[in-house]
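Beneath this line is the structure, given in structure tokens, with notes to follow.
A note on names: the letters A, B, ... follow the listed sequences, proteins ahead of strands, and every chain is numbered from 1.
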Protein chains: 2
Amino acid sequence: MPKSRSEIPVATVSRLALYLRELQQLQRGATVHVRSQSLAERLGLKDSQVRRDLSCLGPVGQRGVGYPIADLIIAIERVLGTDRAWNVILVGAGNLGRALSGYKGFDQQGFRLVAVFDSDPNKIGSKVEEFPVQDLDTLEFFVANTQIDLAILAVPASAARSVASRLEAAGIAGILNFAPIAVQSSGSTTVQDVDLAIELQRLAFSVVRNQRPH
Amino acid sequence: MPKSRSEIPVATVSRLALYLRELQQLQRGATVHVRSQSLAERLGLKDSQVRRDLSCLGPVGQRGVGYPIADLIIAIERVLGTDRAWNVILVGAGNLGRALSGYKGFDQQGFRLVAVFDSDPNKIGSKVEEFPVQDLDTLEFFVANTQIDLAILAVPASAARSVASRLEAAGIAGILNFAPIAVQSSGSTTVQDVDLAIELQRLAFSVVRNQRPH
DNA sequence: TAGATTGTTAATCGATTAACAATC
DNA sequence: TAGATTGTTAATCGATTAACAATC
């Protein structure tokens with residue numbers, strides 16, 4: 001029996017996205033089915049973990065055969081919510097923002113950039129991808145008149161909180177925050193933080209741990 | 001008693017980096033001590049979790065007073081390994097690579113970019129920050145003659161595995177992988193993956209879960 | 001001392017894993 | 001049917017939390 005979204009463990013959700021990525025790659029080949037063991041090997045996991053994770057989707061596998069790749073992709077996308085397109089705005093047209101706007105992976109997973117905002121007069125009017133950078137002051141007006149689901153926040157830490165609360169007030173459902181500061185999600189807006197420096201620190205920790213095992 | 005690095009839970013390590021970020025911000029103010037409750041509030045955690053995490057560093061707090069910010073920063077940096085500088089190379093001078101090379105947060109945490117590589121003849125010789133893009137073919141020679149600790153991998157998925165194994169063979173201790181593909185860390189090289197599309201998918205999941213709670 | 005906050009214990013909660021019955 | 005692989009159970013492992021004694 002498929003689990004409801006609220007019952008699916010967060011750890012499983014992250015891995016479902018990983019499975020999806022592998023499956024999409026496999027689908028470009030000729031294979032129709034994939035075994036839990038093969039998925040596990042590709043991602044460095046245990047096969048029993050893969051099966052347990054996939055069992056959250058309902059009985060989508062075929063005993064003795066494996067999981068049908070096409071069905072699995074559909075089932076995972078349905079759970080993740082990426083079986084439909086998501087309209088995304090980018091706030092912050094600095095180096096990182098510009099790079100993110102051109103990131104192929106977003107588009108491939110159904111995330112559609114529809115507008116770019118910045119507060120810097122020197123940037124307003126210039127183009128990021130095919131989008132003219134709009135004045136941050138027009139954010140609320142734009143969001144009120146367009147169906148926007150998510151925002152990518154790539155502004156300096158000093159501006160992140162005020163922009164985030166404006167996005168929340170404007171009714172944005174989710175924020176992917178690249179600013180290196182904790183942004184509180186007060187209301188119904190979900191915030192997902194990505195701190196690149198922290199990722200590098202975690203890597204550094206793993207390295208020093210491996211170098212001096214005791 | 002301080003725990004040895006190998007005893008510190010991975011979940012704690014991620015949060016130690018978060019604490020460090022908050023503490024560095026606090027240090028710019030006038031406060032000398034911080035209480036576990038205050039740190040917890042800023043990051044949306046429980047105070048008991050903050051205390052348990054910080055207890056991995058040894059008895060660094062002062063009962064009745066709080067944690068001395070300066071000491072705490074030193075203790076966390078020592079555990080994470082960021083009490084010294086790390087030399088980092090960037091492989092892949094596309095949009096994302098260029099943005100990462102200019103990312104302030106890396107430098108602030110002691111990660112020092114020392115060279116940039118790409119295989120595209122059109123990019124080789126051009127400058128990224130102050131660094132001329134070097135031919136990927138000279139990677140091994142460069143690494144053999146310079147003290148390099150980490151590599152940021154920002155190449156297309158199709159190239160990621162071969163570049164990663166070259167980095168491993170060259171003796172790089174850690175790879176921060178931005179390519180949307182699982183890179184196996186066969187030997188002593190540690191790989192830390194950052195998949196931006198997956199972060200957006202996790203956000204999408206949280207949003208649909210919140211929207212339809214049952 | 002009195003008040004406050006840490007450090008640590010014990011209980012709870014959640015996630016991972018091995019094993020195997022179910023079944024394609 | 002025989003062989004293979006899933007789906008699921010039960011056991012293990014690890015992380016979180018509340019509570020409070022220790023102590024500044």
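If you measure from atom NE2 of H33(B) to atom C1' of dC24(D), you get 10 Å, rounded to the nearest angstrom. The interatomic distance linking L54(A) (CG) with dA15(C) (P) rounds to 16 Å, in whole Å. Rounded to an integer number of Å, the gap from L72(A) CG to dT6(D) C1' is 12 Å. At whole-Å resolution of the value, CD in E7(B) and P in dC13(D) are 17 Å apart. L57(B) places its CG atom 15 Å from the C1' atom of dT8(C), with the value rounded to the nearest Å. Distance CD (Q37(B)) to C1' (dT6(C)): 13 Å, rounded to an integer number of Å. Atom OH in Y67(B) sits about 18 Å away from atom P in dA4(C), given to the nearest Å. Atoms CG (D71(A)) and C1' (dT6(D)) sit 15 Å apart, rounded to a whole Å.
Sorted by first and then second residue, the side chain to side chain donor-acceptor pair (under 3.5 Å) pairs involving residues 172-184 of chain B (not counting sequence neighbours) are N177(B)-D193(B). Among residues at least two apart or in separate chains, salt bridge (Lys or Arg N to Asp or Glu O under 4.0 Å) pairs with a member in residues 16-31 of chain B are D195(A)-R21(B), E22(B)-R42(B).
Taking a pair as Watson-Crick or G-U wobble with both distances under 3.5 Å, the runs of three or more consecutive pairs in DNA chain D are C:3-24 with D:3-24.
A search for side-chain contact (heavy atoms from CB on, under 4.5 Å) contacts involving R78(A) returns I74(A), D83(A), not counting sequence neighbours. For D107(A), the salt bridge (Lys or Arg N to Asp or Glu O under 4.0 Å) criterion is met by no residue, not counting sequence neighbours. Judged as a side-chain contact (heavy atoms from CB on, under 4.5 Å), and not counting sequence neighbours, the contacts of N95(B) are A99(A). For the side chain to side chain donor-acceptor pair (under 3.5 Å) test, residues two or more places apart in sequence or in another chain that qualify with Q147(A) are D149(A). Contacts of F106(B) classified as side-chain contact (heavy atoms from CB on, under 4.5 Å), with partners at least two apart in sequence or in another chain: L196(A), A197(A), L200(A), L100(B), Y103(B), F111(B), I152(B). Partners of K104(A) under the side-chain contact (heavy atoms from CB on, under 4.5 Å) rule, at least two apart in sequence or in another chain, are Q108(A).
Of the residues in residues 40-52 of chain B, R51(B), R52(B) come within less than 4.0 Å of DNA chain C through at least one heavy atom, sorted by number.
At the heavy-atom level, S36(B) lies under 4.0 Å from the strands shown only through sugar-phosphate atoms.
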Listed pairs, N/O of protein and of nucleotides 21-23 of chain D, under 3.5 Å:
unit_1: dA22(D); atom_1: N3; unit_2: R63(B); atom_2: NH1; d: 2.8

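Atom CG of L26(A) and atom CD1 of I69(A) lie 4.5 Å apart (nearest 0.5 Å).
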Could you give the side-chain donor-acceptor pairs of residues 161-168 of chain A under 3.5 Å, partners two or more places apart or in another chain?
unit_1: R161(A); atom_1: NE; unit_2: A182(A); atom_2: O; d: 3.1
unit_1: R161(A); atom_1: NH2; unit_2: A182(A); atom_2: O; d: 3.0
unit_1: S162(A); atom_1: OG; unit_2: A159(A); atom_2: O; d: 3.4
unit_1: S165(A); atom_1: OG; unit_2: R161(A); atom_2: O; d: 3.2
unit_1: S165(A); atom_1: OG; unit_2: S162(A); atom_2: O; d: 3.0
unit_1: R166(A); atom_1: NE; unit_2: E140(A); atom_2: OE2; d: 2.8
unit_1: R166(A); atom_1: NH2; unit_2: L136(A); atom_2: O; d: 2.8
unit_1: R166(A); atom_1: NH2; unit_2: E140(A); atom_2: OE1; d: 3.0
unit_1: E168(A); atom_1: OE1; unit_2: S186(A); atom_2: OG; d: 2.9
unit_1: E168(A); atom_1: OE1; unit_2: G187(A); atom_2: N; d: 3.2

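A side-chain donor-acceptor contact under 3.5 Å links Q24(A) and Q109(A).
When distances run from any side-chain atom of R35(B) to the nucleotides dG7(D), dT6(C), dA15(C), the shortest one goes to dT6(C).
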